[in-house]
Each structure stands twice: as C-alpha cells, then as structure tokens.
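Report on the following structure.
All values below were derived from every heavy atom in this structure, side-chain atoms included, with hydrogens, water molecules and symmetry-related copies excluded. Here is the naming used below: chain letters follow the sequence lines, and residue numbers restart at 1 for every chain.
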Amino acid sequence: MRSRLFRVAASLAILWGVITLAFFINHALPSDPARMVAGPHARPADVARIRDQLGLSRPPLEQYARFMRQLVHLASADLKAIDHATCESVGPLHVDLGRSYQQHRPVVRIIAERAPRSLLLACAAAFIQFTLGSLFGTLAALRKNSVFDTATVGMTLLGMSAPTFLIGIVLQIIFAKELGLLPLDGYGVTAWEHARSLILPALTLGIFGAAYTTRIVRDSMIAILSNDYIRSARAKGGSLLRVVVVHAFRNALIPLVTIVGVDLGALVGGAVVTESLFRWPGIGALTVRAALDRDGPVLMGTVVVSAGAMIAMSIVVDVLCAWIDPKGRVPSI
Amino acid sequence: MLIGGALVAALTLFAVITPLIASHDPLTSDFVHGISESGAPVGPSGNFLLGTDRIFRDQLVRLAVAARISLAIAMAATAIALSIGSAIGIVAGFFAGSVVDNVLMRIVDVGLAFPFLILVMAIGAALERTDAMTIMATLGLTGWLGTARLMRAKTLQVRTEEFIVAARASGQSTTGILAKHIVPNVSGAIVINATTSVAQMILAESSLSYLGVGIAPPTPTLGRMLFDGVDLWATAPWLTVAPAVAILMVVGGFNFIGEGFQADARG
C-alpha cells in the first residue's frame, strides 16, 4: 500500500515536471497572443491593453505561479483575478486552463468536448490490438516454425515497418476510395455516422499496435509453453484449448496488458497523426491545430491531458499486473 | 538479416546513384515532356521511369533525393540519440541508486511523458527554421530517452558480473572500469538498438513532414511525397505507390537487420 502511495506521488511529480517544462517551452515560443486575441487590425494601444489584461506583460515566473494556482483550485476560492469564468467543476475542485486565443472559449470546455472522442478511438484501437495480437500471437506460438508462424512473423515485421499514416492511407484507398464502403474521414453527425467514421482510424491504430503485440505474445507464449507445468497440465489430460487459455495465456497476459495499456494511455492523449489523417476531432488533432496556431492555453491543455492520461494508465497497468500475478513472479517489461 | 541488409543496400544505392545519372532536376517542373495532353502528370515511361508528380517534376529523381535525405537524417539523428542515451544510461546504471541516477532517470521520466510534437515544434521554433539539420538535431535530441532506459538496465546487469568486482578490487579507477569493461560489454545492445532506432527515426521524420512541421518544401521527403500523391490517387496511383514502397523498404530493411541481430544475441 505504501509503495502504491509512493507511486502516485511520484507520478504527480512527473506530471508537475511535464506541465512546468511545457509552460516554459510554450513561453519561449515566438508568438504574440495579445495580437491574436485582438485581431490583425487592432490598434497598438488595444493590443497593449489586452496584453495587460491577460497578464502577459508580467515576468514569466509570475505568470507560471498564476497558471499553477488557477490550474486546480477550490470552488470557493476567492483568488485575485480568478472569476471562475473559464472553470469546470470536478467535485469541490475547479480546473481552469484559461481561454483559447483562437476559439475564444474556455480551454477546459474544448477539451471536455474532445476528450471522449479520443477515448472512444483509443478504446476501439486497443480492443483491436488486444484481440488481433493475442489471437495471432498464440496461434503462431502453437505452430512454431510452421508456414503460418513464419508468415505471421513476416507480417508483424511489415506492420512494424509501416507508419500509421501509411496503414491509414492504404485503408482509405481500399475501403473509401475504391470500395466506397466507409467514409474517407470526418466524424459525422449521428451516432451511426460516428460509428462508421470510427472504423478506419481504429483499424489503423489497432493494426499498427497489433504488429508489435503479436510478436510479444508469440515470444512469451513460446517460452511459457515449454514450461513443465504446461506439460503436466497436458499430461493430466487437460485439453489443448483449456491448457492454452487457462494456464499459458494467463501468464502471457502481463506483457500483453503492459503494452496495450501503455499504448492506450498514449492514444487517449491523442493519436496526433491518425486523428489528423482521418480528421477525427479529438485531442490529437487539437494538439496539431493549437501548435500550428500558437494557441498557448489550448496547447497547455493538451499537454496536461496527454501526460496525465499516460501517467494514469501506467498506474492502472501496474495495478492490473499485480492483480493478474499477485506474487510478481513474471517480471514485467 | 540478409534480406534486411539487401533492402537497405538496394535503397541506399538507388538514393546515391540515381541523382548522379538522371537527366532531370528534382526541383524543376518539366512542362514540355512531363505533362500529358489532358494536363495531368504523365505516367511511368521511358523518359520518366516513375512518371511526374503533381507539378510535373520527375518522380524517380525526387524519390531518390527524398530517400537520401531521410536516410541521412535518420542515421545522423540515431548517432546523436545513441551517444547521449548510452552515455546517460551507462552512467545512471553504473551509479544506480545514487543521486545522479535518480536525477537522470526522473529527467527521462518527464521526457517520456512529454508530448513529442510540442518538443519538436519548440526546438524548431527556437532555431527558427525547419531544414534537414534542424529536424536531424530535433530527432537526435529527443530520441535518446528510450535508449537511456535500455542502457541503464543493461549496465545494471553487467555491473554485478565478477570481472567488474575483480577490476574494482584490483584498484582500477571508475573511468577505467567504465571504458574498459562496461562499454565493451554493453556495445552489443547499442548496435541492436541502433538499427531499430534508424527505422523509428525514418518513421518520425515522415510523420513530421505529414503534420507540416518537418522539412519545408520544395525539398522532397518520403512522407510528404506520399501525402501529395494520395490526392491524385484516381489519376496517378504511381505517385502513392512509389513513396509507400520506399518507406516500407527502408524501415522494413532496418527492422529485419535488427531482428537478425536480436536472433544472434539470443543464440
């Protein structure tokens, strides 16, 4: 329990480190937010006034202190310059990431709108990755050195060599341009359209992740299947299916859960390339937009979300692994 | 490993030789021969082996130049990343548990949790240009984190071996032990890491080109050629297929080599 608490504290420290680094990097980027807010035709006096209002004429350290104070505060907090206009409540706490320079809306709201879409895509992709990876990995391990095994290994190497955008473009050409079965990109309006639009980006990320996952499952299953307890289980008359599923696969779950979990954490924070390619309006596409627009507050928001998701998922993975393998017999990778 | 070596060698040869013997310039449009009667790019022919692109430039020469740039960037960036990553990983592993180790590993933790794209854009903006050198430096300076983790683990393993204990007992200096015993024993892992790293660098570089934060046009890169090609899929599919095959060949080649090394290492 103590080590768990320590782990959470260490994770929060890392998150703080990431946010701090991002704040100062963002600060160092050449841009004039006041000019962006004021618009291209504003008078210099107006730009200067807005700069003061946004607190941008203060020293960087003071801006940083203010950002951190506002980031998470009590709902009842009566801090100077906090009007709770750009806050979102989480229980008794308020989260505040300021207002977007480009969209002129609270960043928290923009992120709350987009995060579920990235989460949906991430879960769909992780499901495909997990299913394909464990299925092909196990089958290849059972038929080690067969034609099927060699073909699977070859395919995984090919999959690992194909960047996500290449897989995505191939899927777009086949299913959207040639066959016309699914939308090329976008998000749609109705739930049915969302589901149809989800398939290709989810497959892209799923196939990309499955290549590596298949290899890991295959290698660990081969090692596990040669163990004495597997032979004993078989000798005692356990069917192949039962032995593989109950005895072997359970032990291969640790590396599998680790990989899929870590990938899921990265995807929740936005699959930058895939979301852009398929115009999926999630956190990843938002990050690119904000970076190109130099929209500082939005950029900071995406950093908080993606780093937070990644760190949270690594804790979840730890807990899951401890649950699957309580004695910690299998070293996690 | 042979397949991988052959793929990489073939693509490298193609990248080096083609621009030397080609009669077309990679950046110049040919409005006389490179354009079809309907105004579309011409397909593969004797004059243009891979046809012309959307503004009628020779696709073959562009592909070779792009491959050359991608390979050069990936290798240079790998060299930078591996030097930094190995140095930090070995030091942290050798002094595991010390303050130095803790500080270095926490930096790695923060770096790994940091969104890659923002780091890249920040470095690009700080240097105020996006040419091949910038991208190379960016990928090199951001790509060492994983290597550092790996080399730390490897060094931790080697550190407890008897010959290290013996060297320590015989009064060798720390630097002596690091240089004479640790580095040679972890260099195998560095080599394996290098091949996969080159593959990843090529992927990263083409992804950046796609997102519009990579090397600026008109310089051809494999990633950008692919995206430009897809728009013309209906009329000129060769513009998509050629760069796609090139990317698969070069990344796949390096992955196959890495695979071979790993198989050898396992015995």
* Asked: Is it the side chain or the backbone of A:Ile19 that comes within 4.5 Å of chain B heavy atoms, both, or neither?
  -> neither
* Asked: With B:Ala244, which residues qualify under side-chain contact (heavy atoms from CB on, under 4.5 Å), at least two apart?
  -> A:Leu166, B:Leu226
In a table with atom names and distances, give each donor-acceptor pair under 3.5 Å that connects a side chain of residues 173-186 of chain A to protein atoms at least two apart or in another chain.
unit_1, atom_1, unit_2, atom_2, d
A:Lys177, NZ, B:Val230, O, 3.1
A:Glu178, OE2, B:Trp233, NE1, 2.8
A:Asp185, OD2, A:Arg279, NE, 2.8

* So which part of A:Met160 gets closer than 4.5 Å to some heavy atom of chain B, the side chain, the backbone, both or neither? -> both
* Quick one: what part of A:Leu21 sits under 4.5 Å from any heavy atom of chain B, side chain, backbone, both or neither? -> both
* Asked: What option among B:Ser206, B:Ala153, B:Ala199, B:Gly111 has the most heavy-atom pairs under 4.5 Å with chain A?
  -> B:Ser206
* Of the backbone (N, CA, C, O) and the side chain (C-beta and beyond), which part of B:Ile202 lies under 4.5 Å from a heavy atom of chain A, both, or neither? -> neither
* With only heavy atoms counted, which part of A:Leu299 is less than 4.5 Å from chain B, the side chain, the backbone, both or neither? -> both
* Structure fact -> Scored by heavy-atom pairs under 4.5 Å with chain A, the best of B:Thr240, B:Leu248, B:Asp109, B:Leu112 is B:Leu248
* Asked: Between B:Leu203 and A:Phe165, is any pair of side-chain heavy atoms under 4.5 Å apart?
  -> no
* Measure distances from A:Ser306 to the heavy atoms of chain B and classify the residue's part below 4.5 Å as side chain, backbone, both or neither. => side chain
* Which pair of non-hydrogen atoms, one from B:Val110 and one from A:Gly17, has the smallest distance, and what is that distance? -> CG1-C, 3.9 Å
